[in-house]
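Everything on this sheet refers to the single structure shown next.
As the structure lists them, so they are numbered: ligands from 1, and atoms in each ligand from 1. Please read these numbers as outputs of a predicted model, since none were measured by experiment.
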Amino acid sequence: MKKYFLKIYGCQMNVSDAERIFGWYEGKNWEKAKTEKEANEIVIVTCSVRQTAEDRVYGLVNNLGKLKKQRSNLKIILTGCMLRYPLKWLKEKMPMVDEFKKISDFTQKTKPIHQKKIQAFVPIMEGCNQFCSYCVVPYARGREKSRSFTEIICEIKELVKRGYLEITLLGQNVNSYGKDLKDKEHSFANLLTEIHKIENLKKISFLTSNPWDLTDEIITAISLPKVDRYLHLPVQSGDDDILKMMNRHYTVTDYLKLIDKIKKKIPNIKIGTDIIVGFPGETDKQFQNTLNLCKKVRFVKAYVSMYSPRLGTAAFKLDDNVSHQEKRLRWKIIDGLIN
Ligand code: SAH
Ligand code: SF4
Ligand code: F3S
């Protein structure tokens, strides 16, 4: 029996995509290999969000290239967000890769094989229309495209029948769910409300919400009892000028007001966030503003990233002028405060 091995980088979207790739191979009757060494095909699900994520992929491909020299029948397939680069460039950069394959080549009409028994990821939309100036996701995953409302409900009902108790809805900006659908009733707030009615489902989580289009309707839906009391609300920076340069459509005051409103409606809610330190031009003072915001909000968790210039994004043309040493220092301070 032929064997495959998956190496997954990046966010939960990639984990969810990988679950469909598992389904694709199982559909062909392939078996999951325990290690790279016994696989006939190795699929690398890549992330492009920071340079370090890409560097890990280059490192792995190099090592697998050595393995390939011993085993000429080994096939290396690369998929995921790094396919945003021109194919010619990728081929030159990684000649040991046999095939560059779009995620959709695996995932269309494929049933996912969920990796856990109790909790399952359910993608509700693809892509992003926000174009934050530092971010590759809109280029890597295209424009926002919502899955059908009924399809999502059916998938979750099916999962619950199979014994799943918790689901995590996935999308780059779940607040936008349904904006591209014909039926205006098919909004994120209504989706949550409908899912909430499913009997025997115990917990609903979702990733990720943006701070600027989290409507009152959505907050009301989040207050329903089965919805997770952890809300991930990336702020990225606590300085208005940096937020503007990041193309994030809110000010610090807007963000704090929103948190207040959410906490009033759902008193036991816990808030987590994403923060970027060392965005081009970020001064000490502006960094202090971020620190102050963190002290005010008292996040329970933060994913802190050092700014990484990404080719193709709007911020790429800005001077990446905060030194690596300074970025590390700022990273340590915020991470130490929150995590
Ligand atoms: N859709 C989600 C997350 C997308 S990427 C959202 O909007 O919040 C995940 C996180 O990676 C971002 O929240 C950001 O903090 C970080 N990130 C994205 N691009 C980055 C870059 N160029 N440099 C450093 N961190 C980055
Ligand atoms: Fe990237 Fe911004 Fe879209 Fe999030 S909302 S995926 S940070 S462009
Ligand atoms: Fe996720 Fe990385 Fe792509 S964060 S959407 S896997 S660029």
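- Atoms of ligand 3 found under 4.0 Å from any heavy atom of R141, numbered from 1 in the order shown, are 3 (Fe), 5 (S).
- For E126 and K145, the salt-bridge test fails: no basic side-chain N is under 4.0 Å from an acidic carboxylate O.
- Those atoms of ligand 3 with a heavy atom of N14 less than 4.0 angstrom away are 6 (S).
- The protein atom (non-hydrogen) at minimum distance from atom 3 (C) of ligand 1 is Q172 OE1, 4.0 Å.
- When heavy-atom distances to ligand 1 are checked against a 4.0 Å cut-off, V136 has no atom that comes that close, whether in backbone or side chain.
- A salt bridge does not link D241 to K285: none of the charged nitrogens lies less than 4.0 Å from a carboxylate oxygen.
- Cation-pi contact between K7 and F5: absent, since separation from the ring centre below 6.0 Å together with deviation from the ring axis within 45° is not met.
- Contact atoms of ligand 3 toward C11: 1 (Fe), 4 (S), 5 (S), 6 (S) (distance under 4.0 Å to a heavy atom of the residue).
- The pair E194-K197 meets the salt-bridge criterion, with a side-chain N (NZ, NE, NH1 or NH2) lying under 4.0 Å from an Asp/Glu carboxylate O.
- Only the side chain of S305 comes within 4.0 Å of ligand 1, counting heavy atoms alone; its backbone N, CA, C and O stay farther away.
- Atoms of ligand 2 lying under 4.0 Å from any heavy atom of V137, numbered from 1 in the order shown and given with element: 6 (S).
- A centroid separation of 6.0 Å or more is found between the aromatic rings of F22 and F106.
- Using a 4.0 Å cut-off to heavy atoms of P234, the atoms of ligand 1 that qualify are 8 (O).
- Of all protein heavy atoms, the one closest to atom 1 (Fe) of ligand 2 is C135 SG, 2.3 Å.
- Taking every non-hydrogen atom of T208 and a distance limit under 4.0 Å, the qualifying atoms of ligand 1 come out as 8 (O).
- Close approach to I276 involves these atoms of ligand 1, each under 4.0 Å from a residue heavy atom: 14 (C), 15 (O), 17 (N), 25 (N), 26 (C).
- For ligand 2, the atoms lying closer than 4.0 Å to a non-hydrogen atom of C128 are 3 (Fe), 5 (S), 6 (S), 8 (S).
- Scanning all protein heavy atoms for the shortest distance to atom 22 (N) of ligand 1 gives S308 O, 2.8 Å.
- Closest heavy-atom approach to atom 5 (S) of ligand 2 within the set V136, D274, N210, T313: this belongs to N210.
- Atoms of ligand 1 found under 4.0 Å from any heavy atom of D274, numbered from 1 in the order shown, are 9 (C), 10 (C), 12 (C), 13 (O), 15 (O).
- Under 4.0 angstrom from ligand 1, there are no non-hydrogen atoms of Q130.
- The atoms of ligand 3 that sit less than 4.0 Å from any heavy atom of V49 are 2 (Fe), 4 (S), 7 (S).
- Under 4.0 Å from ligand 2, the heavy atoms of Y134 that appear belong solely to its side chain.
- Only the side chain of P138 comes within 4.0 Å of ligand 2, judged by heavy-atom distances.
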